[in-house]
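When a ligand or atom number is given, it counts from 1 through the structure's own listing order.
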Amino acid sequence: MNDRIALIIIDLQNDFLTGGALPVPDGDKIIPVLNEYISLFKNRHLPIIATRDWHPRITKHFKQYGGLWPPHCIQNTWGAQFHPDLHLPSDIIIISAGTTEDQEGYSGFEGVDHSGKPLINVLKERQISHLFIGGLATDYCVKATVIQAVKFGFKVNLLTDAIMGINLQPSDSQKAIDEMVSQGANLSTIDTITL
Ligand code: VGL
């Protein structure tokens, strides 16, 4: 009751979608659903936050430097831009994560806004206590952000029709969802969401 809520969209960037450097299989399918959530929140004048991976060219996150991944979402490149089909509002709050050589930046809570303010402070300042979270990828950044949000004490609804996983192992996404639920996340879809 009386929770202040916000929508968080995780990493809907060109590199994670068709034509990008690290495309999430079927990732494009969630864009229209995310646009529905954006309309819902926008119509109610509720805050919308978009996180983005925002890596330097050299980072321990990339395979070449000891990490897991091909280079992606490099600062100020096309691949790091939000997908053009996503209808982000003009007052979108952008959170950039993984911005230094030694940061993986899986969780949005490792990220900061344009003034350098950490996500947790952005949320606290607005007295937000309940987060609705969707985006990419279920088994990495979505999972890390949801679990950290729950640990910080936020009520969290995972938007199961607006997430997609990388699935290095075929069951990774399901395992991630199970883990988020076991940590305390609730599940919603566009048909069941109540704001
Ligand atoms: C992500 C793999 C590598 C994500 C980021 O956004 O989930 N996945 N970097």
Side-chain angles (χ1 to χ4, degrees), residues 7-31 33-34 37 48-86 88 92-113 118-119 131-151 156 158-181 183 185:
L7 174 64
I8 301 189
I9 299 170
I10 310 280
D11 296 359
L12 255 284
Q13 294 165 273
N14 288 324
D15 268 343
F16 292 126
L17 295 154
T18 301
L22 180 52
V24 177
D26 288 332
D28 302 43
K29 289 189 180 163
I30 67 171
I31 296 176
V33 192
L34 281 168
Y37 285 112
I48 303 175
I49 295 162
T51 69
R52 64 182 182 186
D53 247 7
W54 195 248
H55 296 305
R57 282 184 190 279
I58 299 174
T59 159
K60 70 169 192 186
H61 188 59
F62 296 163
K63 222 175 256 173
Q64 223 180 327
Y65 307 103
L68 261 190
W69 309 105
H72 61 275
C73 300
I74 292 171
Q75 294 162 10
N76 302 306
T77 63
W78 172 85
Q81 288 173 14
F82 293 114
H83 194 278
D85 293 345
L86 190 69
L88 293 177
I92 187 76
I93 301 164
I94 296 175
I95 298 290
S96 304
T99 56
T100 62
E101 289 184 19
D102 58 354
Q103 234 193 3
E104 302 258 18
Y106 288 119
S107 167
F109 287 95
E110 288 180 44
V112 294
D113 75 359
L119 175 58
L131 303 173
F132 290 79
I133 301 179
L136 302 170
T138 312
D139 33 1
Y140 291 93
C141 288
V142 171
K143 180 175 95 171
T145 306
V146 164
I147 289 177
Q148 208 166 353
V150 171
K151 287 195 172 136
V156 178
L158 176 68
L159 306 172
T160 54
D161 50 356
I163 54 174
M164 208 56 84
I166 296 177
N167 290 321
L168 290 181
Q169 301 297 324
S171 57
D172 281 356
S173 287
Q174 190 53 53
K175 277 192 191 151
I177 294 171
D178 293 346
E179 198 179 330
M180 290 185 263
V181 169
Q183 298 280 324

*Are any side-chain N or O atoms of Thr138 and backbone N or O atoms of Met164, one a donor and one an acceptor, separated by less than 3.5 Å?*
yes
*Please write down residue, atom name and distance for the protein heavy atom closest to atom 5 (C) of ligand 1.*
Asp53 OD2, 3.2 Å
*Quick one: which ligand 1 atoms are inside 4.0 Å of a heavy atom on His61?*
3 (C), 9 (N)
*Quick one: look up the protein heavy atom nearest atom 4 (C) of ligand 1 and list residue, atom name and how far away it is.*
Cys141 SG, 2.9 Å
*Which distance, rounded to the nearest 0.5 Å, do you find between the CG of Leu34 and the CG of Asp85?*
12.0 Å
_Less than 4.0 Å is my threshold; does some heavy atom of Ile166 fall inside it relative to ligand 1?_
yes
*asked:* Closer than 3.5 angstrom, by distance alone: can the side chain of Asp28 be matched with the main-chain N or O of Thr18 as a donor-acceptor pair?
replied: yes
*asked:* So for Gln13, does at least one of its heavy atoms come nearer than 4.0 angstrom to any atom of ligand 1?
replied: no
*asked:* Donor-acceptor check, side chain of Ser96 to backbone of Arg52, threshold 3.5 angstrom: yes or no?
replied: no
*If you measure from each heavy atom of His72 to ligand 1, is any distance below 4.0 Å?*
yes
_Quick check: Val142 and ligand 1, any N/O pair under 3.5 Å apart?_
no
*asked:* I'd like to know whether the aromatic ring centres of Tyr106 and His61 sit less than 6.0 Å apart in this structure.
replied: yes
*Spell out, as yes or no, whether a donor-acceptor pair under 3.5 Å connects the side chain of Gln148 to the backbone of Gly108.*
no
_Using only atom types and a distance under 3.5 Å, with no angle test, would you say the side chain of Asn14 pairs donor to acceptor with the backbone of Gly19?_
no
*Give yes or no for whether the N/O distance cutoff of 3.5 Å, strictly under, is met between His55 and ligand 1.*
no
*asked:* Suppose I only count heavy atoms of Ala137 and a 4.0 Å limit; which atoms of ligand 1 are within that range?
replied: 4 (C), 6 (O), 7 (O)
*Can an N or O of Asp11 be found at a distance shorter than 3.5 Å from an N or O of ligand 1?*
yes
*Any N/O of Leu22 closer than 3.5 Å to an N/O of ligand 1?*
no
*Examine distances only and state if a side-chain atom of Asp139 and a backbone atom of Gly165 form a donor-acceptor pair shorter than 3.5 Å.*
no
